[in-house]
J.: 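So that we are looking at the same thing, I have put the structure below in structure tokens.
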Amino acid sequence: MITAEQVTALTAQAAQAATYPFADAAGNLLPDWYFNDAGIPVYLGPEVATRGVGIYGHTADNLVLVELLKPAALQLIVAPSMTITVLNSSASWTGLFDINSLIDYLNTPAIQNLAQIALYQGAYQGLIDAGLLTGAETARYQATFLQPAVRWGVDAVVAWVEGTATPELAAQIQITARQGQYAIDFVDTYSPVLNVAAELGAFDNTVFRDEVDQAVSDIIGNDKIPNIEYTDQLATVLAVTIPAATDEDGTLRFAPGAPRG
């Protein structure tokens, strides 16, 4: 089973990967950066085509998959420069969860988090359907494919495995795959430090948030992964049941160009 801690670490790593500088040396916001209702800097410029939007850098395709953006909106993005124009149109949004605009989405981090979790669930099933996962692998092995599948799409990961991805895409997928491994390694290595309470019913590996945040800061000591905030409500959502893992790690066995069999 991929635990709540492991999935939270994956989302934290995804958030860190989607973090960009937002201020100059004098502390002034860079062009196209604004503060949302909570005073958090958000990007609303043309580079959303490559950066994505929000905490996790969600793409227009991601937003369609979680039914926040209308599928027809993708047809209007005929060039990368059109991405921000389409996302800024309220007509592009479905209204799910009362998200009727890009500003609504950027002002609702809880919905962004739920969207990220939904993307993990969908990508996991997509990888099984594609034959890249069976559900019996270790969490580290699964994360090697799951993290890039959420960011770049299941089809892109399949292309990477089969050696047909472009060199640029393959390089990006490999970076994201290693980020997934890093997140799992962190939890597996330091979970004895982070777990400070016994399991309670439906909550998996209950923890005290402040001690977790401090432990993460002390252990990592750099900005590769942000402080992980464990939320009790999300812990029940994040627990993904997966059949028992085998002893085989097999990490990056499916390197670009390598056979699957």
Side-chain angles (χ1 to χ4, degrees), residues 1-20 52 54-59 62 109 112-128 132-133 135 137-154 156-157 160 171-196 204-207 209 211-231 234-242 245 248-255:
M1 183 178 80
I2 294 182
T3 67
E5 288 86 353
Q6 288 171 332
V7 180
T8 305
L10 288 172
T11 61
Q13 184 66 71
Q16 181 61 27
T19 299
Y20 293 87
I55 300 169
Y56 305 104
H58 288 153
T59 64
N62 289 155
Q112 295 179 49
N113 187 265
L114 289 177
Q116 183 72 3
I117 299 307
L119 289 169
Y120 278 117
Q121 293 171 333
Y124 177 76
Q125 185 60 51
L127 290 169
I128 288 180
L132 294 186
L133 297 180
E137 304 86 358
T138 64
R140 190 177 195 269
Y141 180 88
Q142 292 170 351
T144 303
F145 302 98
L146 184 60
Q147 194 77 343
V150 169
R151 179 64 181 89
W152 306 103
V154 172
V157 173
W160 174 58
Q172 292 299 319
I173 289 176
Q174 188 161 355
I175 290 171
T176 313
R178 287 173 176 168
Q179 291 171 348
Q181 294 174 357
Y182 179 86
I184 299 299
D185 288 345
F186 168 75
V187 173
D188 287 352
T189 301
Y190 298 111
S191 58
V193 178
L194 302 182
N195 291 327
V196 293
D204 223 0
N205 298 314
T206 304
V207 296
R209 299 183 193 89
E211 294 193 27
V212 168
D213 290 341
Q214 185 59 51
V216 172
S217 297
D218 292 343
I219 293 167
I220 298 301
N222 58 46
D223 60 358
K224 290 184 178 179
I225 186 166
N227 291 350
I228 303 173
E229 297 181 0
Y230 290 81
T231 304
L234 285 178
T236 59
V237 176
L238 296 179
V240 181
T241 302
I242 297 173
E248 179 188 9
D249 182 290
T251 303
L252 289 178
R253 180 183 62 185
F254 296 143

J.: What is the minimum heavy-atom distance between Ala143 and Gly180, and which atoms define it?
T.: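 Closest heavy-atom pair between Ala143 and Gly180: CB-O, 3.8 Å.
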J.: To the nearest 0.5 Å, tell me how far Leu10 CG sits from Gln181 CD.
T.: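 That separation rounds to 11.0 Å.
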J.: Please report the shortest heavy-atom distance between Ile55 and Gln112, naming the atom on each side.
T.: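 Minimum heavy-atom separation between Ile55 and Gln112: N-OE1, 2.7 Å.
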J.: List the atom of Val187, the atom of Ala9, and the distance in Å for their closest heavy-atom pair.
T.: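 Shortest heavy-atom contact: CG2-CB, 3.5 Å.
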J.: Does the side chain of Phe145 come within less than 4.5 Å of Val154's, by heavy atoms?
T.: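 Heavy-atom side-chain distance check fails, nothing below 4.5 Å.
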J.: If you measure from CG on Leu133 to OH on Tyr141, what distance do you get to the nearest 0.5 Å?
T.: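 Leu133 CG to Tyr141 OH: 6.5 Å, rounded to 0.5 Å.
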J.: Distance-only, no hydrogens or angles: does the Asp185 side chain make a donor-acceptor pair with backbone N or O of Tyr182 under 3.5 Å?
T.: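 No.
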J.: Atom CD of Gln147 and atom CD of Gln142: how far apart are they, to the nearest 0.5 Å?
T.: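 Rounded to the nearest 0.5 Å, the CD-CD separation comes out at 13.0 Å.
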J.: Give, for atom CG of Leu119 and atom OH of Tyr56, the distance between the pair rounded to the nearest 0.5 Å.
T.: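 Going from CG on Leu119 over to OH on Tyr56, the span is 10.5 Å.
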J.: Should Ile117 and Val7 count as side-chain neighbours, where that means a heavy-atom distance under 4.5 Å?
T.: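 The answer is yes; the side chains approach within 4.5 Å.
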J.: For the residue pair Pro148 and Val157, what are the closest heavy atoms and their distance?
T.: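 Where Pro148 meets Val157 most closely, the heavy atoms are C-CG2, 3.8 Å.
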J.: Applying side chain to side chain contact (heavy atoms under 4.5 Å, CB included), name anything that partners Gln179, two or more places apart in sequence or on another chain.
T.: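 For Gln179 the side chain to side chain contact (heavy atoms under 4.5 Å, CB included) partners, ignoring immediate neighbours, are Gln13, Ala17, Ile175, Thr176.
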J.: Do you know which two heavy atoms are closest between Ala177 and Thr144, and how far apart they sit?
T.: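 Between these two residues, the closest heavy atoms are CB-O, 3.2 Å.
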J.: If you compare all heavy atoms of Ala14 against all heavy atoms of Gln116, which two are closest, and at what distance to 0.1 Å?
T.: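 Minimum heavy-atom contact is CB-NE2, 3.6 Å.
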